Amino acid sequence: MSPRRRRLGAAALTVLAPVLVWLVTEPLLGHRLRMVDGDRTLDIGAAPVAVVALLASLAGWGLLAALEHFTAGRARTIWMWAAGAVLAVSFVPFTGDTMDGGTRTSLALMHLAVAAVLIPGLAGRPPRADAGAAARA
């Protein structure tokens with residue numbers, strides 16, 4: 001399978017993973033995902049969850065492509081570290097008091113689901129040194 005096709009599949013699965021967490025949380029368990037900031041309440045639905053996951057996957061793919069273009073040999077390593085840093089920073093909003101424990105847990109699981117699919121899905125296996133020779137033979 002080509003890297004482009006594998007990465008496209010990873011991007012699609014990245015959108016699906018947090019939506020599945022949302023489906024378990026809201027429709028099945030009946031917990032509404034909400035963030036309250038003063039007098040404003042934000043209900044978190046499946047569409048925003050899917051859009052944010054899609055944007056994250058496209059941003060990750062774009063960064064990896066740029067790194068592969070400019071830092072060919074170290075692109076995967078740099079990207080993996082960057083992805084881990086982004087994941088860690090994505091948990092910072094959970095420290096506030098704008099959401100209840102159920103929403104906080106569900107959103108954290110969504111972030112982990114995105115990372116669990118996106119990081120290995122985009123990075124994949126490094127190309128083998130003899131892959132080019134085998135393909136030419």
Side-chain angles (χ1 to χ4, degrees):
M1 178 184 298
S2 72
R4 178 176 282 174
R5 181 169 281 180
R6 181 178 40 79
R7 289 176 179 174
L8 183 60
L13 288 174
T14 297
V15 173
L16 181 62
V19 172
L20 291 175
V21 173
W22 181 88
L23 284 170
V24 168
T25 301
E26 195 153 312
L28 288 176
L29 297 178
H31 181 77
R32 294 205 43 101
L33 298 179
R34 291 186 170 169
M35 296 177 68
V36 179
D37 186 21
D39 59 344
R40 296 183 328 188
T41 299
L42 172 66
D43 286 323
I44 302 168
V49 167
V51 168
V52 170
L54 177 63
L55 293 175
S57 65
L58 294 177
W61 192 352
L63 176 61
L64 180 57
L67 287 169
E68 287 174 339
H69 181 74
F70 293 109
T71 63
R74 299 178 9 185
R76 288 182 70 251
T77 302
I78 294 169
W79 188 83
M80 297 279 281
W81 279 100
V86 169
L87 175 63
V89 169
S90 78
F91 284 99
V92 170
F94 301 144
T95 60
D97 60 353
T98 61
M99 62 190 92
D100 62 17
T103 299
R104 184 174 287 116
T105 301
S106 297
L107 290 176
L109 289 172
M110 288 180 198
H111 286 226
L112 291 172
V114 166
V117 173
L118 189 64
I119 292 173
L122 289 185
R125 292 186 303 256
R128 293 188 343 223
D130 60 342
R136 288 187 294 266

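Positions are given from 1 along the sequence. Just so it is clear, the structure is predicted and the values come from calculations on it, not from any experiment.
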Q: Could you tell me which residues satisfy side-chain hydrogen bond (donor to acceptor under 3.5 Å, both in side chains) with R7, sequence neighbours excluded, listed by chain and number?
A: E68
Q: If I take atom OG1 from residue T14 and atom CG from residue L55, how far apart are they, to the nearest 0.5 angstrom?
A: 12.0 Å
Q: If Ile, Leu, Val, Met, Phe, Trp and Tyr residues are connected whenever their side-chain heavy atoms lie under 4.5 Å apart, and connections chain through other members, are I44 and F91 in the same group?
A: yes
Q: Taking all heavy atoms of P27 and all of L23, pick out the closest pair and write down the distance.
A: CD-O, 3.0 Å
Q: Between V36 and M99, is there a side-chain heavy-atom distance shorter than 4.5 Å?
A: no
Q: If Ile, Leu, Val, Met, Phe, Trp and Tyr residues are connected whenever their side-chain heavy atoms lie under 4.5 Å apart, and connections chain through other members, are L13 and L118 in the same group?
A: no
Q: Filter on ring pair (Phe, Tyr, Trp, His ring centres under 6.0 Å), then keep only pairs touching residues 44-87, sequence neighbours left out; what's left?
A: none
Q: Are the side chain of S57 and the backbone N or O of L54 linked by a donor-acceptor pair below 3.5 Å?
A: yes
Q: Provide the closest heavy-atom pair for L122 versus G60 in the form atom of the first, atom of the second, distance.
A: CD1-C, 3.7 Å
Q: With rounding to the nearest 0.5 angstrom, report the OG1 to CE distance, T41 to M35.
A: 11.0 Å
Q: The criterion is side-chain hydrogen bond (donor to acceptor under 3.5 Å, both in side chains); which residues satisfy it with S106, sequence neighbours excluded?
A: T25
Q: I need the minimum non-hydrogen distance between T95 and V92, along with the two atoms involved.
A: OG1-O, 2.7 Å
Q: Check the hydrophobic clustering (I, L, V, M, F, W, Y; side-chain heavy atoms under 4.5 Å; chains of links allowed) and say if L112 and V117 are grouped together.
A: yes
Q: If I take atom OG from residue S90 and atom CG from residue L107, how far apart are they, to the nearest 0.5 angstrom?
A: 10.0 Å
Q: Using the side-chain hydrogen bond (donor to acceptor under 3.5 Å, both in side chains) criterion, which residues pair with D97? Sequence neighbours excluded.
A: none
Q: On a heavy-atom basis, which atom in A123 and which in M80 lie closest, and how many Å separate them?
A: CB-SD, 3.6 Å
Q: Hey, could you give me each pair passing ring pair (Phe, Tyr, Trp, His ring centres under 6.0 Å) that has a residue in residues 12-59? Not counting sequence neighbours.
A: none
Q: How long is the straight-line distance from CZ of F94 back to NE2 of H111, given to the nearest 0.5 Å?
A: 3.5 Å
Q: Kindly compute the distance separating CD1 (I119) from CG (L87), expressed to the nearest 0.5 Å.
A: 6.0 Å
Q: So, using side-chain hydrogen bond (donor to acceptor under 3.5 Å, both in side chains) as the criterion, who are the partners of R34 when residues are at least two apart?
A: D43
Q: Are any non-hydrogen side-chain atoms of V21 and L109 less than 4.5 angstrom apart?
A: yes
Q: Are V51 and L58 connected into the same hydrophobic cluster when the rule is that any two of I, L, V, M, F, W, Y join if their side-chain heavy atoms are below 4.5 Å apart?
A: no
Q: Do L42 and D37 touch side chain to side chain, with heavy atoms closer than 4.5 Å?
A: no
Q: Which atom pair, heavy atoms only, marks the closest approach of A53 to V15?
A: CB-CA, 3.9 Å
Q: Quick check for you: to the nearest 0.5 Å, what is the distance between L33 atom CG and T103 atom OG1?
A: 5.0 Å
Q: Could you tell me whether a side-chain N or O of S2 sits under 3.5 Å from a main-chain N or O of R5, the two making a donor and an acceptor?
A: yes
Q: With side chains defined as the heavy atoms from C-beta onward, is the minimum distance between V24 and L29 less than 4.5 Å?
A: yes
Q: Is I78 linked to L63 within one hydrophobic cluster, defined over Ile, Leu, Val, Met, Phe, Trp and Tyr using a side-chain heavy-atom separation of less than 4.5 Å?
A: yes
